[in-house]
Amino acid sequence: MGQKTWYVTTPIYYPSDKLHIGHAYTTVAADALARYHRLRGQSVWFVTGSDEHGQKIQKRAEEKGMDPRAFVDEIVSQIKDPLWKRLAISYDDFIRTTESRHHRVVQAIFRNLQAHGDIYKGTYEGWYCLPCETFWTQTKVVQGQCPDCGRPVERVRQESYFFRLSAYAERIRQHILDHPDFIQPVSRRNEMLGFLDEGLEDLSISRTGMQWGIEVPGDPDHVIYVWFDALLNYLTAASYQADEEDFQAKWPPNLQIVGKEIVRFHTIIWPIMLMAAGLALPDHVFGHGWLLIGDTKMSKSRGNAVDPIQLIDRYGVDAVRYYLLREVPFGADGSYTEDALVLRTNVDLANDLGNLLNRTVAMVERFVDGRVKLPPGVGGDRTLPIAVANTVKAVEDKMDAFNLSDALVALGGLVRQANREIELSQPWALAKNKQSTALHVVLYDLTETLRVLSVLLSPFLVEAPGRMRAQLGILEPVHSWNETAWGSFGDEFHVEPGPALFPRIDPPENVASEEVAATMQADEKTQEIDVDLFQQVELGVGTVQSAEVVEGADRLLRLSVNDGERVRTIVSGIRAHYGADSMVGKQVVLVKNLKPVKIRGIVSEGMLLAASKDGVLTLVVPDTPIEPGARVK
Ligand code: ME8
């Protein structure tokens, strides 16, 4: 048998209304992982789809005076195109629970479990939450409301088929204990173990008095409960009982990504269904957090939904994908604001990444006629090849842990480091002094770093990598993750300057205060930030104890600064303005919680504040002497 297919799923969404950026969030995350695994050379099966049965859909169709089938057809067609098409979701299969291939699977599993005594007929008496399509017992209901969504529940008493969940309580608990990374993140795992502590009751899995669903085999008065039906989509989409060889290659799912509110269905009910059917359980179920508006969940029924298409129209697909995956640590809840999307795009994509490309290509064009070649025999202590190798490794580790946001954080670190490298190496000075070898090395390293970035970014962004490569003179799209290897493209680039990768976005009008608008005009780089963000920057007073020039670097001083707690080494580019001697004893303001960086082989642990304009630079210093360590705010 060949290599196992890497099988990843999203929930299948209810086509009860238009989907919103919450659904886009899950689906873009799965898409990025699918793209990553394809680049790694794996065969990938990425499935999303629609959950079309159930009372809620039936009711929505009735409200619209439509036949449920026509109602869902219309919404599903919009989900495929424009929604997933515009978001560039590279799914391999879109499963609809109304398809006959799925009906066959659901009925087959039903019969199988019934034959083994895991499904039996009884009477259900209890509560039902329609928006969640969930049964609740008296003890779980809180003052007539659903414990999950807080909306009123309805009383149900009817004949019903039951699935013997209770018989598997111990087995599922043991599975969760034996497989610590089955449920991720760990907080959800603990929640589920807690839930199991309360005991499991058998689950009602059929309804009478409604038609919109899959019939119970041999008992047409009953339709199968929508969740029992829906969860089985993952089997249908893997060719269960349709193509045995294909099924063997795909089963079980490597990763099922779901929102945290349906982790219980996916890590207790669903695995028990699989156990009862004698099938392997998924390797990992990842329950991510919610996108919130203020502090409430964004949802179709709460009327606070944000349409991804509008955002794509305004900001482009890459800005939306990047924001969704970068902004909130994957797993945690996070508030959505359009402001934050604009800020992310402007800072990370337009400023950091876009400028890096723009400056690099412009310098190659200007200083070496658009052609940069790594001089033969160059070796040594170069920052960027090492930084690239470290970043590739970090991105791989984060992707393997499904930590998409941190993968992007690692990537952003490389972009900033490359920008710093421009400041430190000053290619314009090398050009002026005719230091051709050094100039080619620096420009090659920057260009090559950008090329590797185009590969690293391609699971996440769908337009920018190709546009970056066009400017680097590379016509081929990214084919393989192996292209992250330093030098794998060769030792020469012919660049092709092009338009800005991410033009700066003006903040949306409804949110831009006049003040921000004014400062934006005064200084294009200024962005409005929360006071919280400012407070994350730790500023303090320090006293310079000693200072010396850094050999071979005309702009740098190496300073020892007493920050009140310890003496830090700070490499500062102020030598053109301050002699080493003049610095000793001076009080300065430093940024204390900057990540240390290596500059000319020296680890610099902070930065001095200075003001500069038109080539004049002056340090920002306390007005009167103060103890080192004094906080600046
Ligand atoms: O639950 N933040 O479908 P659904 C983050 N049909 N993710 C969100 C979100 C938000 N505010 N809102 C929705 C169903 N999602 C069932 C699933 S699976 C066999 C059946 C995402 O249309 C998230 O993935 O209510 C959540 O779990 C899913 O959409 C719920 O979609």
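Counting starts at 1 for both ligands and their atoms, following the listed order. This one's a predicted model, so the numbers in the text were calculated from it and none came from an experiment.
Among residues at least two apart or in separate chains, ring pair (Phe, Tyr, Trp, His ring centres under 6.0 Å) pairs with a member in residues 50-73 are H53-H103, H53-W212.
For S405 (side chain) and F330 (main-chain N/O), a donor-acceptor pair under 3.5 Å exists by modelled atom type.
Between F46 and Y91, the ring planes are perpendicular. Angles over 60° get that label, and only those under 30° would be called parallel.
Taking the ring centre of Y14 as origin, the terminal cationic atom of K56 falls inside the region bounded by 6.0 Å and 45° from the ring axis. Judged by the 6.0 Å distance and 45° axis criteria, R326 is not positioned over the aromatic ring of F460.
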With the criterion set at N/O pairs under 3.5 Å, what does the list of contacts between the protein and ligand 1 look like, atom names and distances included?
residue	atom	partner	partner atom	Å
ligand 1	2 (N)	L291	N	2.8
ligand 1	6 (N)	I12	O	2.8
ligand 1	6 (N)	D51	OD2	2.7
ligand 1	7 (N)	G22	O	3.2
ligand 1	11 (N)	L291	O	3.1
ligand 1	11 (N)	M298	O	2.9
ligand 1	22 (O)	Y14	N	2.9
ligand 1	22 (O)	H23	NE2	3.4
ligand 1	22 (O)	K300	NZ	2.7
ligand 1	24 (O)	T26	OG1	2.7
ligand 1	24 (O)	G259	N	3.3
ligand 1	27 (O)	G259	N	2.9
ligand 1	27 (O)	E261	OE2	2.7

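A side-chain donor from one of Q55 and R207 sits under 3.5 Å from a side-chain acceptor of the other.
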